[in-house]
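Letters go in sequence order (proteins before strands), and every chain restarts at 1. Keep in mind that this is a model prediction, so the values were computed, not measured.
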Number of protein chains: 4
Amino acid sequence: MSRKEAILLAATQLFAKRGFSATPTSAIAKEAGVAEGLIFHYFRTKEGILSNLLNEMTESYLSESRDRMDHCATGLDAIKASIRFHFQFSRDNSEALAVLIRDFPFSVPRGGETLSKLTKDGADRVTHLWEECIDRGKKDGSIRGVPTRETALLLWGMLTGVSRLQILGPIEVPDLTHHIIDFSVRALSGFTEKKGGKAAVLSFSANALLVFS
Amino acid sequence: MSRKEAILLAATQLFAKRGFSATPTSAIAKEAGVAEGLIFHYFRTKEGILSNLLNEMTESYLSESRDRMDHCATGLDAIKASIRFHFQFSRDNSEALAVLIRDFPFSVPRGGETLSKLTKDGADRVTHLWEECIDRGKKDGSIRGVPTRETALLLWGMLTGVSRLQILGPIEVPDLTHHIIDFSVRALSGFTEKKGGKAAVLSFSANALLVFS
Amino acid sequence: MSRKEAILLAATQLFAKRGFSATPTSAIAKEAGVAEGLIFHYFRTKEGILSNLLNEMTESYLSESRDRMDHCATGLDAIKASIRFHFQFSRDNSEALAVLIRDFPFSVPRGGETLSKLTKDGADRVTHLWEECIDRGKKDGSIRGVPTRETALLLWGMLTGVSRLQILGPIEVPDLTHHIIDFSVRALSGFTEKKGGKAAVLSFSANALLVFS
Amino acid sequence: MSRKEAILLAATQLFAKRGFSATPTSAIAKEAGVAEGLIFHYFRTKEGILSNLLNEMTESYLSESRDRMDHCATGLDAIKASIRFHFQFSRDNSEALAVLIRDFPFSVPRGGETLSKLTKDGADRVTHLWEECIDRGKKDGSIRGVPTRETALLLWGMLTGVSRLQILGPIEVPDLTHHIIDFSVRALSGFTEKKGGKAAVLSFSANALLVFS
DNA sequence: AATGAATGAGCCTTCATTCAT
DNA sequence: TATGAATGAAGGCTCATTCAT
């Protein structure tokens with residue numbers, strides 16, 4: 001592992017545990033086993049480390065996420081796969097995601113130009129991904145006629161909100177992957193959904209009752 | 001307005017704008033028009049201000065929220081009212097909520113005993129509120145058989161996640177109140193739902209179609 | 001007990017325990033059960049409390065000390081009585097003396113005019129007292145021909161040094177009263193000492209020999 | 001002179017003149033001609049400087065003192081040498097000793113663990129040294145049958161008390177070295193002392209008489 | 001590439017003292 | 001006499017960043 005990588009690794013762990021602004025560069029240097037000056041040789045500022053981390057994470061999150069979506073038959077399936085992936089990523093890279101969720105969008109003081117642009121770009125690309133899924137689902141009939149952008153924002157907010165609870169919150173939060181999938185599928189699934197699943201059946205019978213009452 | 005209130009007000013605005021740790025007490029004093037020392041006369045530490053703010057907000061959020069819930073006929077209605085209230089509160093007190101969302105649970109370095117207890121208590125009470133609604137809805141038939149705690153956490157995560165996006169996020173987020181209500185109602189509503197409402201009607205027709213197709 | 005006395009009492013205890021400069025006036029006020037402002041009503045400054053305390057203590061120490069000395073038959077007896085009194089005073093008023101020893105002569109930052117004059121006067125009067133004893137002893141033959149001022153300073157240094165060790169030092173120091181008396185008597189006693197005691201006998205015979213040699 | 005040494009030197013001078021707690025780190029930095037931050041780079045706290053100073057002084061005092069003692073023929077000579085050394089050290093390092101005497105054992109607020117351990121250790125080692133001399137003198141007959149520990153404490157108290165008077169006191173105190181040596185020798189010397197000196201002669205003859213009486 | 005000494009601005013907090021009531 | 005809100009200067013310490021080696 002190169003010294004640069006050692007620094008990034010140490011920074012990830014410490015940012016995740018204490019947060020960006022509560023982590024001194026001296027702590028990063030010590031944890032990485034390098035001199036403090038080297039940090040500023042590789043990354044120009046402390047924010048530079050964060051930029052670098054966020055960049056990597058965003059790329060990896062987005063590309064993997066897109067990968068899963070591309071292998072799905074319908075838009076709704078893509079949504080389901082994305083949710084599943086999100087929480088798997090959250091488990092596999094919980095430290096990295098903690099950084100993302102803790103300090104990604106906002107907590108940076110005087111958000112340097114670079115960093116806030118990075119933030120905005122990341123947000124745009126993620127919501128874009130969800131919008132694609134939804135539009136695709138609406139076309140292929142797997143998703144009902146929900147407003148695209150609003151729903152995308154809702155989903156993204158839900159996932160980050162729940163992950164934030166899990167990773168940083170003060171209470172015990174179990175794995176909610178399946179519940180969130182069920183919840184979302186019930187909320188989104190369109191008319192031609194053929195997959196069945198308990199949810200669809202239940203809805204059906206519910207309304208049948210209404211008809212006859 | 002007493003000087004103490006002036007300090008709290010100034011702190012709210014500045015914490016909301018810059019975040020807790022990026023706001024020097026000197027800035028609070030200047031904004032409030034008092035000597036810096038007075039801050040420590042009233043609140044013993046900088047964290048003391050935050051504790052005080054969070055306490056007030058949590059109490060007001062919880063009591064008002066419970067108030068709305070108590071005037072609802074069914075559990076599902078209570079959920080809807082709570083969601084509606086959440087976003088109204090978010091609009092009315094956007095600065096206060098920004099503090100809550102930005103720094104409430106987490107970003108405080110070495111969260112003093114008081115503060116982390118406060119955080120945990122707040123979290124417990126909020127989730128409890130949601131659990132009550134859900135259980136009530138399951139009893140009165142307005143909510144389907146979802147797991148109580150998991151769903152409560154999901155809802156709370158969703159609301160805070162979306163609010164965080166709106167208040168602190170780098171992208172424009174419109175008012176999602178109605179979409180989130182629709183979304184949640186579709187995901188939660190039980191069989192005997194009589195209230196109608198657009199969502200219910202839509203569901204109805206959807207299934208009617210299935211029957212005849 | 002008047003409020004003024006309550007303040008003095010509280011100050012004595014706290015100064016003794018923590019030292020003058022480490023004791024905030026707020027602590028004194030709280031301990032005394034009065035408002036902080038009252039301290040400055042009675043004594044003009046924090047140093048004023050100390051002045052007052054030191055004044056009282058010095059007066060009481062000096063007048064009592066002189067009292068004992070006046071009832072002694074010889075100068076050496078007066079020395080012995082003074083030493084005995086010093087350690088009795090030290091036991092009876094250990095807190096007061098702790099203040100005296102800790103902060104009396106020196107530790108006052110920017111020693112206000114009043115305070116340093118007080119200090120100097122106290123020192124002059126104490127050494128004067130010892131000098132009187134010694135001169136008296138030299139006249140009545142109970143004390144050998146030691147240099148007056150030097151011996152007075154030596155004795156005073158010894159007493160304060162040992163008390164300092166006892167009261168403030170990090171190690172256990174037993175009561176040294178009798179050892180110090182013995183030590184000093186051996187060092188000081190003159191030829192005509194009649195009181196007996198091993199030391200006196202030895203000295204006496206010593207001179208007999210001299211006469212014959 | 002390295003910057004670290006410059007800091008220590010400046011601190012010694014200022015602590016000696018004004019005392020530890022009345023000396024701001026900013027003053028030390030200015031006096032040493034370095035940035036204030038550098039102080040905390042080398043010593044972690046302000047107390048760290050003091051620890052460092054006290055450590056050095058204690059070591060040098062103890063080792064030199066022991067050195068002198070080891071070259072003495074008798075226990076009493078060792079005592080005399082130690083006293084002589086104490087006041088020579090006091091003259092040569094009057095500033096350093098001022099720090100030691102002013103703030104060594106006590107005046108440090110909330111004496112950090114390190115510091116109070118240092119204090120206790122120093123005290124233990126010094127008294128030990130004196131005890132050794134006395135025991136040695138009692139064995140070789142140069143010191144009479146005085147209680148070891150009590151006498152050691154007495155001597156130590158006397159030396160520090162007198163030095164304190166000289167260095168910090170409000171009155172002029174001449175060099176008392178020889179008087180203290182005389183004083184102590186008279187108080188301590190044993191019967192078989194052959195070295196001559198007035199005191200020794202007197203004691204000697206004293207015993208001769210006793211034999212015959 | 002790598003080190004770590006050195007900087008200096010800024011922060012939270014303490015505290016003696018004043019003053020209106 | 002008595003209160004305690006209010007002040008503001010000062011202090012110890014942190015930390016991102018620079019720079020000579």
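- Contact between C:Ala27 and C:Arg18 at its shortest, heavy atoms only, is CB-NH1, 3.9 Å.
- Across the protein-nucleic acid pair, C:Glu5 atom CD and F:dT1 atom C1' stand 16 Å apart, rounded to whole Å.
- Partners of C:Glu95 by salt bridge (charged side-chain N to carboxylate O under 4.0 Å, His left out), not counting sequence neighbours: none found.
- C:Ile7 CD1 to C:Met1 CE: the interatomic distance, rounded to the nearest 0.5 Å, is 10.0 Å.
- Atom C1' of nucleotide F:dC15 and atom CD1 of A:Ile28 are separated by 12 Å, given to the nearest angstrom.
- Every residue meeting the side-chain hydrogen bond (donor to acceptor under 3.5 Å, both in side chains) condition with D:Asp121, not counting sequence neighbours, appears here in chain and number order: D:Lys117.
- Between the CG atom of D:Leu50 and the C1' atom of F:dG12 there is a distance of 15 Å, given to the nearest Å.
- Across the protein-nucleic acid pair, B:Glu47 atom CD and E:dC12 atom C1' stand 12 Å apart, rounded to whole Å.
- Remark: C:Ile171 engages C:Val173, D:Lys120, D:Ala123, D:Asp124, D:Thr127, D:Arg149, D:Leu153, D:Trp156 in a side chain to side chain contact (heavy atoms under 4.5 Å, CB included) (not counting sequence neighbours).
- If you take CZ of D:Phe43 and P of F:dC13, they are 13 Å apart, rounded to a whole angstrom.
- For A:Thr25, the side-chain atoms get nearest to F:dT17 when compared with the rest of E:dC12, F:dT14, F:dT17.
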Check residues 28-44 of chain D and write down every donor-acceptor pair under 3.5 Å in which the side-chain atom is one partner and the other belongs to a residue at least two apart or another chain.
residue: D:Glu36; atom: OE2; partner: D:Thr25; partner atom: OG1; Å: 2.6
residue: D:Glu36; atom: OE2; partner: D:Ser26; partner atom: N; Å: 3.4

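- Considering only side-chain atoms of D:Phe40, the nucleotide from E:dT13, F:dT14, F:dT17 that sits closest is F:dT14.
- Here the P atom of nucleotide F:dT17 and the CD1 atom of A:Ile7 are 14 Å apart, to the nearest Å.
- Contacts of A:Glu59 classified as side-chain hydrogen bond (donor to acceptor under 3.5 Å, both in side chains), with partners at least two apart in sequence or in another chain: A:Arg125.
- Atom C1' of nucleotide E:dT13 and atom NZ of B:Lys46 are separated by 12 Å, given to the nearest angstrom.
- Residue D:Thr23 is classed as a sugar-phosphate contact, given heavy-atom separations below 4.0 Å to backbone atoms only.
- When rounded to the nearest whole Å, the span between NZ of C:Lys30 and P of F:dT3 equals 15 Å.
- With a 3.5 Å limit on both pairing distances and Watson-Crick or G-U wobble geometry required, the stems of 3 or more pairs in DNA chain E span E:2-21 with F:2-21.
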Output one line per pair: protein atom, nucleotide atom from nucleotides 5-7 of chain E, and distance, for all N/O pairs under 3.5 Å.
residue: E:dA5; atom: OP2; partner: D:His41; partner atom: NE2; Å: 2.6
residue: E:dA6; atom: OP1; partner: D:Arg3; partner atom: NE; Å: 2.9
residue: E:dA6; atom: OP2; partner: D:Tyr42; partner atom: OH; Å: 2.3
residue: E:dT7; atom: OP2; partner: D:Ala35; partner atom: N; Å: 2.9

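- Between C:Thr45 and B:Thr45, the residue anchored nearer the 5' end of DNA chain E, judged by the nucleotide with its closest heavy atom, is B:Thr45.
- Partners of D:Thr23 according to the side-chain hydrogen bond (donor to acceptor under 3.5 Å, both in side chains) rule, which considers only residues two or more places apart in sequence or in another chain, do not exist here.
- Here B:Thr45 pairs with B:Glu47 under the side chain to side chain contact (heavy atoms under 4.5 Å, CB included) rule; sequence neighbours left out.
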